[in-house]
Amino acid sequence: MTEGTIPAAAEEGDTLTRLEQEGEIAADYLEGLLDIADLDGDIDMDVEADRAAVSIISDSGGRDLQKLVGRDGEVLEALQELTRLAVHRETGDRSRLMLDIAGFRAKKRTELAELGAKAADEVKSTGAPVKLDPMTPFERKVVHDAVAAAGLRSESEGEEPQRFVVVLPA
């Protein structure tokens with residue numbers, strides 16, 4: 001090992017520690033938010049795909065938490081951005097933290113993976129590209145991953161907030 005280099009295992013450990021710290025900061029921020037809103041929820045932290053992942057879950061079915069999800073996840077997206085800003089304020093680093101509330105994002109991920117697989121099947125059978133409706137960056141990422149898993153490629157086109165996925169023949 002040369003002077004000034006860091007072993008890969010140490011870098012991975014540092015990354016995991018940093019992501020766990022992001023999760024803890026986010027959890028503290030979200031617990032404060034739940035207290036202010038007088039909502040019950042438990043915070044679950046994890047690290048998934050090189051991102052801190054924080055979920056707010058409820059034992060009571062999560063009906064109260066639906067207020068924090070909003071229509072089509074709009075409130076969830078805003079809370080995720082606010083939580084990322086809270087992490088940035090504490091660490092000075094940009095966060096790619098993912099927030100899920102009452103399983104909304106997990107359910108959405110399953111639906112989008114099915115949509116991506118269905119679009120890939122259509123492209124395989126017709127040979128023609130398929131354009132999907134506009135999606136958020138999270139939604140597009142899930143579809144891109146599903147299309148890649150089906151052995152095809154996809155691209156994002158358009159400008160926010162009308163950016164959409166096009167599934168292309170191999």
Side-chain angles (χ1 to χ4, degrees), residues 11-12 15-16 18-23 25-27 29-30 33 41 43-58 61-63 65-89 91 93-170:
E11 283 183 21
E12 287 176 22
T15 299
L16 181 60
R18 182 182 52 79
L19 293 174
E20 288 171 344
Q21 178 190 18
E22 280 187 24
I25 293 166
Y29 176 78
L30 291 165
L33 178 77
I43 309 288
D44 183 35
M45 297 179 297
D46 200 0
V47 174
E48 299 172 1
D50 294 331
R51 288 182 178 207
V54 179
S55 300
I56 302 175
I57 53 178
S58 174
R63 276 186 229 118
L65 293 181
Q66 290 305 316
K67 298 171 188 172
L68 298 178
V69 173
R71 191 185 80 216
D72 295 327
E74 290 173 340
V75 176
L76 170 59
E77 290 289 333
L79 288 174
Q80 176 174 278
E81 287 307 310
L82 289 172
T83 306
R84 286 177 175 177
L85 287 171
V87 170
H88 181 266
R89 185 185 66 226
T91 65
D93 295 326
R94 181 178 174 272
S95 174
R96 295 176 50 229
L97 175 132
M98 289 296 292
L99 175 63
D100 191 6
I101 299 174
F104 175 84
R105 210 178 281 275
K107 180 181 173 198
K108 190 79 167 172
R109 181 178 283 127
T110 300
E111 293 169 357
L112 290 165
E114 290 172 4
L115 175 67
K118 196 178 292 186
D121 288 344
E122 183 179 336
V123 169
K124 285 178 182 177
S125 67
T126 66
V130 171
K131 293 181 182 180
L132 301 176
D133 291 334
M135 299 178 189
T136 67
F138 160 77
E139 293 169 335
R140 290 193 310 270
K141 168 82 169 93
V142 173
V143 171
H144 286 306
D145 290 348
V147 169
L152 294 180
R153 60 189 184 90
S154 57
E155 296 174 352
S156 291
E157 293 183 4
E159 297 294 323
E160 294 293 351
Q162 296 299 312
R163 202 153 164 79
F164 59 94
V165 173
V166 178
V167 182
L168 303 163

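Nothing fancy with the numbering, it's 1 onward along the sequence. The analysis underlying the following values was restricted to heavy atoms, covering all of them including side chains, and did not include hydrogens, waters or symmetry mates.
- Using a 4.5 Å heavy-atom cutoff, the side chains of M135 and L115 are in contact.
- Side-chain contact between L65 and F104 is absent, with no heavy-atom pair separated by less than 4.5 Å.
- Distance CD/E48 to CG/L19: 11.0 Å, rounded to 0.5 Å.
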*Could you go through the side-chain contact (heavy atoms from CB on, under 4.5 Å) check for I56 and I43 one step at a time?*
CA-CA 5 Å; I56 302 175; I43 309 288; 3.8 Å; yes
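- Of the possible donor and acceptor atoms, none in the side chain of S55 sits under 3.5 Å from a partner among the backbone N and O of I57.
- The shortest non-hydrogen separation linking A150 to K124 is O-NZ, 2.7 Å.
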*Could you walk me through whether T110 and E114 pass side-chain contact (heavy atoms from CB on, under 4.5 Å), step by step?*
CA-CA 6 Å; T110 300; E114 290 172 4; 3.8 Å; yes
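- Pairing each heavy atom of G116 with each of V143, the nearest pair is CA-CG1, 4.1 Å.
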*Would you please test L112 and R109 for side-chain contact (heavy atoms from CB on, under 4.5 Å) and show each step?*
CA-CA 5 Å; L112 290 165; R109 181 178 283 127; 5.9 Å; no
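- Under the salt bridge (charged side-chain N to carboxylate O under 4.0 Å, His left out) test applied with R140, the options E155, E160, E157 reduce to a single match, E160.
- A donor-acceptor pair under 3.5 Å is absent between the side-chain atoms of K108 and the main chain of G73, judged by distance alone.
- You'll find the side chain of T83 stays beyond 4.5 Å of the side chain of V54, heavy atoms only.
- In summary, E22 and R18 engage in a salt bridge, as defined by a charged side-chain N under 4.0 Å from a carboxylate O.
- Shortest non-hydrogen contact noted between S95 and V87 is CB-CG1, 3.8 Å.
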_Evaluation steps, side-chain contact (heavy atoms from CB on, under 4.5 Å), between Q80 and F138_ = CA-CA 11 Å; Q80 176 174 278; F138 160 77; over 6 Å; no
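- Shown here for F164 and L132, the closest heavy-atom pair between the two residues is CB-O, 3.2 Å.
- Between Q162 and P134 the shortest heavy-atom distance is OE1-CG, 3.2 Å.
- Rounding to the nearest 0.5 Å gives a distance of 9.5 Å between CG of D50 and CG of L16.
- Distance check, rounded to the nearest 0.5 Å: NZ of K131 to CG of L168 gives 10.0 Å.
- The shortest non-hydrogen separation linking I101 to L68 is CD1-O, 3.6 Å.
- We find that R84 and E81 are joined by a salt bridge, their nearest charged nitrogen and carboxylate oxygen being less than 4.0 Å apart.
- L30 places a side-chain heavy atom less than 4.5 Å from the side chain of L99.
- The existence of a salt bridge linking E77 and R105 is confirmed by a sub-4.0 Å separation between a basic side-chain nitrogen and an acidic carboxylate oxygen.
- Between the side chains of H144 and S154, at least one donor N or O sits under 3.5 Å from an acceptor N or O.
- Distance alone, capped at 3.5 Å, places no donor-acceptor pair between the R51 side chain and the L97 backbone.
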